[in-house]
Number of protein chains: 2
Amino acid sequence: MDEGGNEVFEADREVPRDGFARRPITLADVAREARVGESTVSRVLRSHGSFSEKTRARVEEAVARLGYVPNRIAGTLASTGSRLIGIVIPSLTNIVFPDLLRGATMALEQEGFQSVIAVTDYDQDREEAVVGSLLSWRPAGLIVTGLEHNSGTRRRLLASGVRVAELLDTDGPGLDIVVGYSNRAAGEASARHLAGRGYRRIGYIGHDLTKDRRAAKRYAGFRDGLRAAGLTLAGEERVASPSSVEVGRQGLFDLLARAPDLDAAYFSNDDMALGGYFHCLAHGIAVPGRLALFGYNGLDVGRLMPQPLATIRTPRVEAGATAARLLCAGAPATVVDLGFELIEGATA
Amino acid sequence: MDEGGNEVFEADREVPRDGFARRPITLADVAREARVGESTVSRVLRSHGSFSEKTRARVEEAVARLGYVPNRIAGTLASTGSRLIGIVIPSLTNIVFPDLLRGATMALEQEGFQSVIAVTDYDQDREEAVVGSLLSWRPAGLIVTGLEHNSGTRRRLLASGVRVAELLDTDGPGLDIVVGYSNRAAGEASARHLAGRGYRRIGYIGHDLTKDRRAAKRYAGFRDGLRAAGLTLAGEERVASPSSVEVGRQGLFDLLARAPDLDAAYFSNDDMALGGYFHCLAHGIAVPGRLALFGYNGLDVGRLMPQPLATIRTPRVEAGATAARLLCAGAPATVVDLGFELIEGATA
DNA sequence: CACCGATTTGGCAGCGCTGCCAATCCGGAC
DNA sequence: GTCCGGATTGGCAGCGCTGCCAAATCGGTG
């Protein structure tokens with residue numbers, strides 16, 4: 001009645017599958033319902049600018065009555081800068097990346113941001129593609145994993161002007177914000193620890209190092225650490241596939257076949273080490289009496305093994321959270337080294 | 001030169017932190033550069049509509065020259081329906097949800113969609129909040145976990161008119177698309193299996209069932225299965241916290257303290273069962289001779305234990321992928337039961 | 001009762017793109 | 001050379017919201 005003559009249009013609604021959804025409710029609908037201007041509604045909904053208490057009540061009532069859901073697509077286009085952060089991770093198979101995501105989404109949510117994720121499968125070309133794809137959403141920032149990117153990715157990142165945080169590695173130059181720890185130093189520390197405990201014939205079991213650059217840095221650091229202790233790798237087994245419990249188990253089996261006199265095994269990460277541990281259990285190899293085991297990441301599962309796994313705990317969740325907070329806060333370019341912690345455990 | 005008089009504006013660019021980004025390149029810039037109309041550029045970029053080969057080349061050249069990145073925010077607002085799918089999962093701590101994500105993002109990427117994720121921590125009120133938040137991006141569809149939602153969530157979902165896929169459970173009525181398997185039947189099958197193998201004093205070790213409704217359904221199914229076999233639960237330990245290896249290990253310890261004569265333990269999932277297995281290893285409890293163990297999910301780690309874990313394998317990745325594909329294809333409301341597979345293993 | 005500064009409000013021009021429609025072009029048929 | 005149908009192209013009005021600015025309102029003050 002009060003709108004005079006709009007009835008025809010209102011009746012002209014789309015009626016989809018369940019007779020429920022209709023022409024989407026817009027801010028203008030709310031303004032009409034509350035008998036205020038559009039900008040007033042906008043101000044109230046964002047608690048931004050000034051308006052009277054009475055107006056707020058009217059608007060909120062209208063919102064509730066109509067079941068209005070703001071359209072952030074429109075809001076983002078009209079304002080500048082979205083409340084979106086893109087997150088690029090290499091894999092969802094290894095729990096470390098969900099951990100990173102968890103830290104990031106927790107922090108992001110607090111700041112009122114949302115995350116769009118993309119997975120690269122450790123492929124730099126795919127990384128370039130997904131970065132382009134994420135950039136097309138005009139995110140407020142991007143979280144990527146590692147410091148190694150192909151030139152196309154680097155160019156896009158730089159040219160976009162979007163803030164970038166590179167995570168889980170500090171061994172090299174970053175583009176903008178860097179949050180992580182030194183994988184190289186972690187490898188060195190592991191070698192030093194094993195050498196210090198008296199192990200002399202140390203082998204390495206790793207996964208695909210050409211794709212996982214951080215694992216490659218640990219490997220390099222580990223070799224350096226051994227060398228500093230006057231040792232060399234007594235044998236190694238590298239499998240050209242992603243890390244997994246299975247690869248670790250099979251890898252140790254294969255390595256021991258070639259080098260039966262090893263007294264310690266360093267794994268590219270905890271999943272691999274767990275596989276190695278299972279191999280030892282299955283074959284009656286005494287740990288650490290006959291063979292010591294050392295991992296990387298400090299997963300919960302390692303801590304709960306009958307003998308807690310010797311490993312290095314990395315602050316993954318914290319790295320995600322820190323990066324998210326820095327991006328939201330518009331912090332200047334910086335490097336945040338979160339460090340790592342060596343867990344002595346009982347397997348080495 | 002050729003634009004006549006625009007120079008002043010062009011010079012008036014923002015110059016951010018590194019002197020790199022500038023006034024963002026828009027489709028209009030590309031059109032001007034390529035000397036074609038805006039709609040032509042739009043058509044070429046989306047390979048939609050007709051245009052000559054010569055025009056395509058001109059446009060692509062201009063795009064490359066300017067480093068243009070389309071603005072999907074604007075594109076989405078102008079067209080109807082985004083290429084976004086919202087994914088709501090309860091947790092990132094348990095690998096099953098990253099698995100689900102993995103399946104979904106893989107399928108989504110093939111279809112040219114992107115995923116926005118949100119985590120509820122198994123809290124229905126948080127679910128309502130994140131669903132609202134995701135809906136404000138006007139996604140083409142939403143993937144949620146489970147069939148249980150509070151009334152607010154249900155109302156928002158229905159009122160939005162957005163397609164919804166509910167995952168990992170088929171025990172109950174769905175809102176739209178349902179992809180999963182019967183948790184209840186899985187529980188029953190587990191009980192039947194244990195009873196069939198001759199176990200009589202069977203205990204249950206579980207995590208917080210009030211929040212994890214699917215675990216609760218397995219528990220109910222398990223009890224029904226026992227009853228059908230003329231048995232009852234010989235003891236149970238339920239911990240009011242999320243599932244983990246630690247809770248499983250501690251839970252079995254506690255349960256055995258109260259019910260030392262159990263001959264089998266059914267765990268709410270594989271993580272929990274792995275913890276139980278570690279307890280048995282640490283305390284010299286023969287598996288399955290003295291105590292049989294049974295899990296749920298069919299994680300890789302269980303398959304690689306010295307004795308493969310008896311469990312039920314669930315098609316998580318496939319569920320994510322199937323849901324994503326159905327949503328993208330605009331399939332009608334349906335229930336897809338992917339089933340599950342009982343793995344005999346060696347622990348029961 | 002007119003007047004003033006502060007507070008509250010509404011109007012409207014974009015944000016960058018897509019969809020529609022009309023205009024133009026092209027190659028062959030007549 | 002003219003005409004025709006299809007292929008190609010450009011113009012422009014929105015999509016729903018925000019940001020800016022001007023207008024209206026309010027509550028004292030002199």
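Just so it is clear: chains get the letters A, B, ... in the order the sequence lines come, proteins before strands, and each one is counted from 1.
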From [atom1] of [X] over to [atom2] of [N], roughly how many Å is that when rounded to an integer?
X	N	atom1	atom2	answer
A/Arg43	C/dG10	CZ	C1'	8 Å
B/Ile25	C/dC15	CD1	P	15 Å
A/Leu66	D/dG16	CG	P	15 Å
B/Arg72	C/dT18	CZ	P	11 Å
A/Leu27	D/dG16	CG	P	11 Å
B/Glu38	D/dT8	CD	C1'	17 Å
B/Asn71	D/dG16	CG	C1'	15 Å
B/Arg138	C/dT18	CZ	P	19 Å

Exam field: side chain A/Asn150 to backbone A/Gln124, donor-acceptor pair closer than 3.5 Å: yes
Sidechain-backbone polar pair: A/Arg35 side chain, A/Arg58 backbone, donor-acceptor under 3.5 Å: no
Interface residues of residues 50-57 of chain A with DNA chain C (non-hydrogen, below 4.0 angstrom): A/Ser50, A/Phe51, A/Ser52, A/Thr55
Audit row: A/Gln114, B/Ser133, side chain to side chain donor-acceptor pair (under 3.5 Å) steps and yes/no: CA-CA 8 Å; A/Gln114 208 113 29; B/Ser133 186; 2.9 Å; yes
Contact under 4.0 Å: A/Arg46 side-chain N or O vs D/dG19 OP1/OP2: yes
Residue-phosphate contact under 4.0 Å: A/Ser42 side-chain N/O, D/dT18 OP1/OP2: yes
Candidate nucleotides D/dT9, C/dC17, C/dC12, ranked by approach to the side chain of A/Ser39 - the nearest: C/dC12
B/Pro139 to B/Leu142 - nearest heavy-atom pair and separation: CG-CD1, 3.8 Å
5' priority, DNA chain C, between B/Pro70 and A/Val41 [closest heavy atom]: A/Val41
N-O pairing of A/Glu109 and B/Arg126 below 4.0 Å: yes
Between B/Thr145 and B/Glu166, a side-chain donor and acceptor under 3.5 Å: no
Only distances under 3.5 Å count here; give the side-chain donor-acceptor pairs of residues 320-327 of chain B to other protein atoms, sequence neighbours excluded, each with its distance to 0.1 Å.
residue, atom, partner, partner atom, Å
B/Thr322, OG1, B/Glu318, O, 2.7

